[in-house]
There are 2 protein chains.
Amino acid sequence: MDEREHAIDRAAAGGKPRPTLKTIAYMTGLGVTTVSRALNDAPDIGQATKERVRLVARQIGYRPNRAGVRLRTGKTNVISLIMSVETEVLGLTAHLVYGISEHLAGSPYHLIVTPYGAQSDPLDPVRYIVETGSADGVIFSRIEPQDARVRYLHQQGFPFATHGRTDMGIEHPYFDFDNARYAEIAVERLAARGRRRLALLGPPAHLTYSRHMTAGFQQAVERLDLDDVPIHAVTTDSGHEAIQQEIARLMASRRRPDGIVCGSASAAISPIGAAEEMGCVIGRDLDVAVKESFSLMKKFRRDIEVVHEDFRRAGTSLADAVVRTIGGAPAHELQTLDVPA
Amino acid sequence: MDEREHAIDRAAAGGKPRPTLKTIAYMTGLGVTTVSRALNDAPDIGQATKERVRLVARQIGYRPNRAGVRLRTGKTNVISLIMSVETEVLGLTAHLVYGISEHLAGSPYHLIVTPYGAQSDPLDPVRYIVETGSADGVIFSRIEPQDARVRYLHQQGFPFATHGRTDMGIEHPYFDFDNARYAEIAVERLAARGRRRLALLGPPAHLTYSRHMTAGFQQAVERLDLDDVPIHAVTTDSGHEAIQQEIARLMASRRRPDGIVCGSASAAISPIGAAEEMGCVIGRDLDVAVKESFSLMKKFRRDIEVVHEDFRRAGTSLADAVVRTIGGAPAHELQTLDVPA
DNA sequence: CGATCAAGCTGAAACGTTACAGGACGACAG
DNA sequence: CTGTCGTCCTGTAACGTTTCAGCTTGATCG
């Protein structure tokens, strides 16, 4: 009776009464517990009852109240993407977000985005999430070989997946693009165009994948008996002007490269601009290889060698990995290396 | 006593006991209600008590349990960004996300991202959020003059802010870039370079800002007594090939433009590529004006006329607007038009 | 026939919070 | 001295969910 009046009240008020377990219990004549267990497919509920409950639930558009579940069970049904606000990687992050939410759609999980600034401690947002229990799992990028976040989360037993690998003897879920292979391919392609003196504009040295890319680059350069023209002063994270200056300096020097391998699309713009400024023609005086996720460069200069890195796929894979981790899957099954063709 | 044992249990177990109101109540010797009210600065709690409670809370790192609050009050402390996964706008969305979360940091709000596909109904995610009550407010883009989402949310009395304006007699919070003014500036700049025959590569006609941009363009073209070379077949949302073809056709035609105004940076790549392919030199045979948010084009071709649109600022403004709306501020105070210089 | 068991269902309690109604106590007016 | 008022505090209930222990009922077994 109590429920009935209540329901009628709300319906009369115009605001929808948002059905709860109690509503279904009242409609089916069952207890709240039974309804809950029926919807959760518990083994001690009769098949007929389950079907009846589910039918009613579907009919009235029942959705479990997230706050109720979360309060009772501690399960938030939230995955947090910890996003660096480095401008250079912002465009890529969007694709990651897309991939993640694509995978999460249809699951009970929501995606929340937690940013952290360039100057602040990357550990802060991670700690916040663990301490406040505001998510069931975490995804993050810009991984270092000795990563404090990985260490912390591993030690806390908190589910996570990284976009990039570590090198610290900890087995954990990750998705990584094979940047060593990318660099090899890039070198090979430039070599096939007859280029002999190659420079690598790589990512910042503290990130794990910097090592991979450098290793692949050097290995291929050596194998094909080419020259390695070192770029030390700048990375893909450097500002436009810095990169331009360095490239200009390089192109004017005695050790002028005839091919550049770029660690990212956005960072490729600067060297190309610098080179063209000096009268170089891409495809004639200089060839450029880039790794890019949204085909941008290829539209601009069709002579550029492009290797595709799929950030959307990274997103779906990472989402999958973290959800499976929450489900208890072992880490070693959740490690993906995306090898470019 | 009960509490005491409990607390000791948890502490001994090593897993942190995550303090609650009960913990503070126990430590201060006050009632749970008093603690709650003290932390919420209720008027019927003594000043001394408030300070004592707050001190203890700070010391032990108390954070209100979101699920508890949400269950009790219905307040989710969540803002949802409804994000179109159109690839063309993905890069921009990232900046929006950045701006929003920057504003939300330090507030109790979390940002959740709800995607919707190109083919699915834009109303779906909005309805989902309202029906499940999974956020306190909503932000979305790609606004149409008669926007179903705006109508629905307004009618539901659900707080929202739009990135773009409508034209349906409904007063609501928005942030919009003044695209009319942008187009005017672009035309003026091209005219100052001596260009007389201008084409506009604008956004899809169904979006509100398409009208703004077109109006500004036409007004300026008329005022400066220039020629309007119409582009009908493609928009900034069209694929690279389609735009290239259309531009190629145009450049080969009798009515060949000597200036192009582009509605977005990503869409500017295609016409420039097409024109250069045909032997045109930007800055000599053709001038291009673009609106862009991350300075990309300018790096590539310094001869391009660039007007900056700040998506990050849009994000902070929208977040502010929606939070204020939740707080009860009237819509007309929360309407911002960002006029380019 | 009584005991045991399984199947199917249930109410009470708890998660952490806030709204509500009310209590204790001192001060102050009549 | 009694009554009223204001200040400061408090217990209970409720939000929607799941866990726990336990209840019926009918069947099976010795």
Side-chain angles (χ1 to χ4, degrees), chain A residues 2-3 5-7 9-10 15-53 57 60-77 108 131-134, chain B residues 2-3 5-7 9-10 15-53 57 60-77 108 131-134:
Chain A
D2 225 70
E3 306 88 290
E5 287 178 41
H6 192 58
D9 268 16
R10 302 289 283 272
K16 287 182 193 158
R18 175 94 137 100
T20 69
L21 291 180
K22 214 163 149 187
T23 317
I24 302 178
Y26 174 69
M27 292 177 77
T28 55
L30 295 164
V32 173
T33 304
T34 311
V35 174
S36 170
R37 308 200 47 116
L39 290 173
N40 290 327
D41 205 23
D44 62 347
I45 303 294
Q47 194 53 37
T49 307
K50 281 183 187 173
E51 273 157 24
R52 198 155 61 91
V53 168
I60 65 178
Y62 168 76
R63 300 276 196 159
N65 180 311
R66 312 192 111 233
V69 175
R70 181 164 168 176
L71 182 57
R72 178 66 239 241
T73 64
K75 183 136 207 285
T76 62
N77 283 312
E131 284 173 5
T132 63
S134 54
Chain B
D2 224 69
E3 305 88 289
E5 289 178 43
H6 193 59
D9 267 16
R10 303 287 285 269
K16 285 180 193 157
R18 176 94 136 100
T20 69
L21 292 179
K22 214 164 149 186
T23 317
I24 302 179
Y26 174 69
M27 293 177 76
T28 55
L30 296 163
V32 172
T33 304
T34 310
V35 174
S36 169
R37 303 195 53 95
L39 290 173
N40 290 327
D41 204 25
D44 63 347
I45 303 293
Q47 193 54 37
T49 307
K50 280 184 189 172
E51 274 158 24
R52 199 156 60 91
V53 168
I60 65 177
Y62 168 76
R63 300 277 196 158
N65 180 310
R66 312 190 111 234
V69 175
R70 182 165 169 176
L71 182 57
R72 179 65 237 243
T73 65
K75 182 134 208 282
T76 63
N77 283 311
E131 285 174 5
T132 64
S134 53

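Side chains included, hydrogens not; waters and symmetry mates left out as well; all remaining heavy atoms used. A note on names: the letters A, B, ... follow the listed sequences, proteins ahead of strands, and every chain is numbered from 1.
- Between B:Pro64 and B:Asp44, the residue whose closest nucleotide on DNA chain C is further toward the 5' end is B:Pro64.
- As judged by a 4.0 angstrom heavy-atom cut-off over every strand, B:Gly31 is placed among residues touching the sugar-phosphate backbone only.
- Here D:dC9 is the nucleotide among C:dC9, D:dT17, D:dC9 with the atom lying nearest to any side-chain atom of B:Thr49.
- Judged by closest nucleotide on DNA chain D, B:Pro43 is the one of B:Pro43 and A:Pro19 placed further toward the 5' end.
- Counting atom types as modelled, B:Thr73 pairs no side-chain N or O with a base atom of C:dA19 as donor and acceptor under 3.5 Å.
- The two residues A:Ile45 and A:Arg37 have their closest heavy-atom pair at CG1-CB, 3.8 Å.
- Distance from the side chain of A:Thr34 is smallest for C:dC9 among the nucleotides D:dG16, C:dC9, D:dT18.
- Within the nucleic acid shown, B:Ser36 comes within 4.0 Å of at least one base atom, counting heavy atoms only.
- Straight-line distance from the NZ atom of B:Lys75 to the P atom of C:dA19: 12 Å, rounded to whole Å.
- Here the nucleotide nearest the side chain of A:Lys22, chosen from D:dC15, C:dA13, D:dC9, is D:dC15.
- Spacing between atom CG of B:Leu39 and atom P of D:dC9 amounts to 13 Å, rounded to whole angstrom units.
- Judged by atom type and distance alone, B:Arg72 reaches the base of C:dT18 through a side-chain donor-acceptor pair under 3.5 Å.
- Nearest to the side-chain atoms of A:Tyr62 among the listed nucleotides D:dT17, D:dT18, C:dT18 stands D:dT17.
- Atoms CD1 and CE, from B:Ile60 and B:Met27 in turn, are 5.0 Å apart once rounded to the nearest 0.5 Å.
- In this entry the distance linking CG of A:Asn40 with P of D:dT19 reads 8 Å, nearest Å.
- Between the C1' atom of D:dT7 and the NZ atom of B:Lys50 lies a distance of 12 Å, rounded to the nearest Å.
- Atom pair B:Arg70:CZ and D:dT17:C1' shows a separation of 13 Å (rounding to whole Å applied).
- For the pair A:Ser134 and A:Arg70, the minimum side-chain heavy-atom distance is below 4.5 Å.
- Relative to the side chain of A:Thr33, the nucleotides D:dT12, C:dG11, D:dT18 differ in distance, and C:dG11 lies closest.
- Taking the side chain as every heavy atom from C-beta outward, B:Ile24 and B:Leu39 approach each other to under 4.5 Å.
- B:Leu71 places its CG atom 16 Å from the P atom of C:dA14, with the value rounded to the nearest Å.
- If you take CD1 of B:Ile45 and C1' of C:dT18, they are 12 Å apart, rounded to a whole angstrom.
- Residue A:Asn65 places no side-chain N or O under 4.0 Å from the OP1 or OP2 atom of D:dC15.
- Rounded to a whole Å, the CD atom of A:Gln47 is 20 Å from the P atom of C:dA6.
- Of all heavy-atom pairs between B:Gly61 and B:Pro19, the closest is O-CG, 4.0 Å.
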